[in-house]
Amino acid sequence: MNKQSILGYQPQDSFIHRLNATAKLFFFLLVSIACMTTFDTRFLLFVALFSLILFKSAHLKWQQVSFIIKFIALFSLLNLIAIFIFQPTYGQELYGSRHVLLAAGYFTLTSQELFYLVNVALKYFCTVPLALLFLLTTDPSAFASSLNKLKISYKISYAVALALRYIPDIQATYWDISAAQQARGYELSSKAKLSTRLKGAINIIIPLIFSSLERINTISTAMQLRRFGSKKKRTWYTQRPFKASDWLVVILAIVLFGITLYLFKLNHGRFYDPFN
């Protein structure tokens, strides 16, 4: 398994990687909240394009994110289909007008419904690249220190850091076992039938879960022996001071959030209505 295919942090020399973890976390949370609360298409389109540009500038490998992006794309598509199936008139109710594009009885498609579904899809383009960008460009220890700097308990912060560190280890172990199985004659690649691949994956995942639980128990025992959690505070080796670029990221997040507040007033609500 190529190391570049593992979904996890890999150090690189890019502007995004060099940013302070706290600044990146603040930007991700504030911009995500802004995107999830507003339905202004202009704002969502701008943030979506900006997120994709940032994602490209981080020099991330497609192999790292291909599976998770395909999974989220499938989930979002199913979500959009479900929204339309259960309430195909929701868009016209929101915007107070009706322009029929395709007449099909209960499943009549209107411009308003299509516009609403486009807004929902844009929310995925806004938040998913930012989430992946943060997770893949932030050292887990730096992430833990950023959480602690935001007044979150260092015990919780350290637990999150351990989880992020452990995810790549689990993936690497899974692919090692899969390669060993294939070396013994078990076909688990894309050439095999889907049922055969699913059966092989289950045969790998079950022992992997038990071995993971054993490793978790070993780590927790080692932490207890080192009296982890006995103090109210702790220092962080990876904590970095804020630089000018970090403050710029924080200011940009506040500006984007402020724009959504202005758009609430301008649109008299969360929704931008181009039909009236």
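By the side-chain hydrogen bond (donor to acceptor under 3.5 Å, both in side chains) test, H59 pairs with no residue at all, sequence neighbours left out. Applying the side-chain hydrogen bond (donor to acceptor under 3.5 Å, both in side chains) rule to T138 yields the partners K24; only residues at least two apart in sequence or on another chain are considered. Annotation: salt bridge (Lys or Arg N to Asp or Glu O under 4.0 Å) contacts of R42 (sequence neighbours excluded): D40. The side-chain hydrogen bond (donor to acceptor under 3.5 Å, both in side chains) check on Q87 picks up E93, with sequence neighbours excluded.
Y272 and F39 have their aromatic ring centers separated by at least 6.0 angstrom.
A 4.5 Å side-chain heavy-atom check between S57 and I16 finds at least one atom pair inside the cut-off. Within the 4.5 Å cutoff, the side chain of L122 has heavy atoms near those of the L45 side chain. Put simply, the side chain of C35 reaches to within 4.5 Å of the side chain of L44, judged on heavy atoms. V47 places a side-chain heavy atom less than 4.5 Å from the side chain of V31.
Between F271 and Y95, the angle of the ring planes goes over 60°, which puts this pair in the perpendicular group of the 30/60° scheme. Taking the six-membered ring where tryptophan is involved, the planes of F84 and F107 are tilted, since the angle between them lies from 30° to 60°.
Other cluster members for L78: L74, joined by side-chain heavy-atom distances under 4.5 Å among Ile, Leu, Val, Met, Phe, Trp and Tyr.
Of the possible polar contacts, one joining the E113 side chain to the G91 backbone as a donor-acceptor pair under 3.5 Å is found. One N or O on the side chain of S76 and one on the backbone of A73 form a donor-acceptor pair closer than 3.5 Å. Judged purely by atom type and a 3.5 angstrom limit, R270 uses its side chain to pair as donor or acceptor with the backbone of T37. In this structure a side-chain-to-backbone donor-acceptor pair under 3.5 Å is present from K123 to T38.
Both Y90 and L77 belong to a single network of hydrophobic side chains, linked directly or stepwise wherever heavy atoms of I, L, V, M, F, W or Y lie under 4.5 Å apart. Residues F27 and L30 are members of separate hydrophobic clusters, defined by side-chain heavy-atom contacts under 4.5 angstrom among Ile, Leu, Val, Met, Phe, Trp and Tyr. With hydrophobic clusters built from ILVMFWY side chains whose heavy atoms lie under 4.5 angstrom apart, F115 shares a cluster with L102. Linking ILVMFWY side-chain heavy atoms closer than 4.5 Å, directly or via other members, places L19 and F26 in two distinct hydrophobic clusters. I69 and L133 fall within the same hydrophobic cluster, where Ile, Leu, Val, Met, Phe, Trp and Tyr residues are linked whenever their side-chain heavy atoms come under 4.5 Å apart, directly or through other members.
Of the inter-residue distances, the one linking T41 atom OG1 with N119 atom CG reads 3.5 Å to the nearest 0.5 angstrom. To the nearest 0.5 Å, atom CG of residue L80 and atom OH of residue Y116 are 9.5 Å apart. In this structure, T137 OG1 and L132 CG are separated by 10.0 Å, a value rounded to the nearest 0.5 Å. From L114, atom CG reaches atom OG1 of T110 across 8.0 Å, with rounding to the nearest 0.5 Å. To the nearest 0.5 angstrom, F50 atom CZ is 8.5 Å from L130 atom CG.
At least one test fails for K70 against the ring of F75: distance under 6.0 Å to the centre or angle within 45° of the axis.
The shortest heavy-atom contact between Q92 and Q112 is N-CB, 3.6 Å. Here the closest non-hydrogen pair linking F275 and S97 is CB-OG, 3.6 Å. Between A48 and C126 the shortest heavy-atom distance is N-SG, 3.6 Å.
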What donor-acceptor contacts under 3.5 angstrom involve side-chain atoms of residues 245-266, with partners at least two apart or in another chain?
residue, atom, partner, partner atom, Å
D246, OD1, N20, N, 2.7
D246, OD2, K243, N, 2.9
T260, OG1, F257, O, 2.4

Exercise for the section: List the steps and the verdict of side-chain contact (heavy atoms from CB on, under 4.5 Å) for T22 and F242. Expected result: CA-CA 9 Å; T22 305; F242 262 53; 3.9 Å; yes

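The 12-atom threshold is exceeded at OH of Y124, counting heavy atoms of other residues, nucleotides or ligands nearer than 6.0 Å.
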